[in-house]
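Since the structure comes first, as structure tokens, the remarks are kept for the end.
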2 protein chains.
Amino acid sequence: METTTEPGQAQDLPYNVFAKSCPSRGTLEHVTGRWGGLTLCALFEGSLRFNELRRRVDGVSEKMLSQTLHALERDGLVHREAQPTNPPRVDYELTPMGRGVAERLTGLIHFVEGQMDDVLAARRHYDETRGAL
Amino acid sequence: METTTEPGQAQDLPYNVFAKSCPSRGTLEHVTGRWGGLTLCALFEGSLRFNELRRRVDGVSEKMLSQTLHALERDGLVHREAQPTNPPRVDYELTPMGRGVAERLTGLIHFVEGQMDDVLAARRHYDETRGAL
DNA sequence: CTGTATCCTCACCGATACTG
DNA sequence: CAGTATCGGTGAGGATACAG
């Protein structure tokens, strides 16, 4: 039987991230964005409070963390649990869907970290041969 | 012996993407950047020429594709093969390391695409309950 | 066809101050 | 502690023209 599957290309999924206007593109950007990915991976190890996250994700500002968390919460990837205590305590944790994303993201990150020596070597080689030409 | 390993945090890898100044952060951003990820995934299905890539990655400009490819080539993830014909023909293909990254990236993307209905539902719910409050 | 060079805009994001 | 509001600089990135 014939699917619409081009050799090695699209599944018969209704969403295609390669298309400019596909909504999956936006979610992908939340998930792989500068802070989104690190935030999800930080939460992969367990729920964290706002300032715990802030310390864990080195370099993120309050504003960007807040913004990032809102986007991820809106996409249904992160659950926000506020306790009406004083001082306030808010815990962030992954939803099941968020865990699926974070799992794959940490896999990617660990792979990249594991290849960094080779990446750095490739960079050196590139810079040398380019500079020499 | 004491590693700097915090509970539940770092492997004993020499690189930690959570640290602001870790070089892995830069590579991660190339790989998950707006165009880097899509470019790698497009090449996962086979080598492509410049304008083939440009058409495949809907919305990318010449400038950004060129820039993205250079960064990925420098990191040793993409191999550039120029043929001295006229008109010129240049093929881009993944290196083994690039294939490792692209594999994980497409896994992530397919997962996200597969969850988009739930993501969209979550968004609707979020917007309604927030608007109503 | 495969790029590079230049200009220019806009929105990303950091810093700071303020609120509950 | 957990944020929001506002301002301003900076650089990503689009448009266009040009080059090999």
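Quick caveat: nothing in here was measured; it's all calculated off a predicted structure. Note on naming: letters A, B, ... go to the chains in the order of the sequence lines (proteins, then strands), and numbering restarts at 1 for each one.
- Here the side chain of A/Ser66 pairs no donor or acceptor atom with the backbone of A/Glu62 at under 3.5 angstrom.
- Summarising the geometry, the separation between CG on B/Leu53 and P on C/dG3 is reported as 10 Å, rounded to the nearest angstrom.
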Self-check item: Check against side chain to side chain donor-acceptor pair (under 3.5 Å), B/Tyr15 and A/Asp117
Solution: CA-CA 9 Å; B/Tyr15 300 103; A/Asp117 285 336; 2.7 Å; yes

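- Remark: P of C/dG3 and CG of B/Leu69 are 8 Å apart, rounded to the nearest angstrom.
- Going from atom CD of B/Gln83 over to atom P of C/dC1 covers 15 Å, rounded to whole Å.
- Using a distance-only test at 3.5 Å, with no hydrogens or angles considered, a donor-acceptor pair links the side chain of B/Thr95 to the main chain of B/Gly76.
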Self-check item: Contact state string [nucleotides 9-20 of chain D, B base, S sugar-phosphate only, - no protein heavy atom under 4.0 Å]
Solution: ----BBB-B--B

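- Distance CD1/A/Ile109 to OG1/B/Thr32: 8.0 Å, rounded to 0.5 Å.
- Rounded to whole Å, atom P of C/dC13 lies 15 Å from atom NZ of B/Lys20.
- Distance A/Leu48 CG to D/dC1 C1': 15 Å, rounded to the nearest Å.
- Here the nucleotide nearest the side chain of B/Arg80, chosen from C/dT2, C/dT4, C/dC1, is C/dT2.
- Taking only side-chain nitrogens and oxygens, B/His70 comes nearer than 4.0 Å to OP1 or OP2 of C/dT4.
- Neither OP1 nor OP2 of D/dC1 sits under 4.0 Å from any side-chain N or O of A/Tyr92.
- At whole-Å resolution of the value, CG in A/Asn51 and C1' in D/dC1 are 6 Å apart.
- Contact check, B/Arg89 against C/dT2: no side-chain N or O comes under 4.0 Å of OP1 or OP2.
- The structure places CZ of A/Arg54 at 10.5 Å from CG of A/Asp58, a figure rounded to the nearest 0.5 Å.
- Expressed to the nearest 0.5 Å, how far NE2 of A/His79 lies from OH of A/Tyr92 amounts to 10.5 Å.
- For B/Arg25 (side chain) and B/Val17 (main-chain N/O), a donor-acceptor pair under 3.5 Å exists by modelled atom type.
- Closest to the B/Arg49 side chain, of the nucleotides D/dC1, C/dT2, C/dG3, is C/dT2.
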Quiz item: Are B/Leu94 and B/Val78 close enough, and set up right, to give a side-chain contact (heavy atoms from CB on, under 4.5 Å), and what steps lead you there?
Solution: CA-CA 4 Å; B/Leu94 297 178; B/Val78 163; 4.1 Å; yes

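- When rounded to the nearest whole Å, the span between CG of A/Leu38 and P of C/dC13 equals 12 Å.
- Put simply, B/Ser66 has a side-chain N or O that comes within less than 4.0 Å of OP1 or OP2 on C/dT4.
- The C1' atoms of five pairs define one axis at each end of the helix from C/dC1-D/dG20 to C/dG20-D/dC1, and these two axes lie 50° apart (to 10°).
- The distance between atom CG of A/Leu65 and atom P of D/dA5, rounded to the nearest whole Å, is 16 Å.
- A donor-acceptor distance shorter than 3.5 angstrom exists from the side chain of B/Arg104 to the backbone of B/Gly100, with no hydrogens or angles considered.
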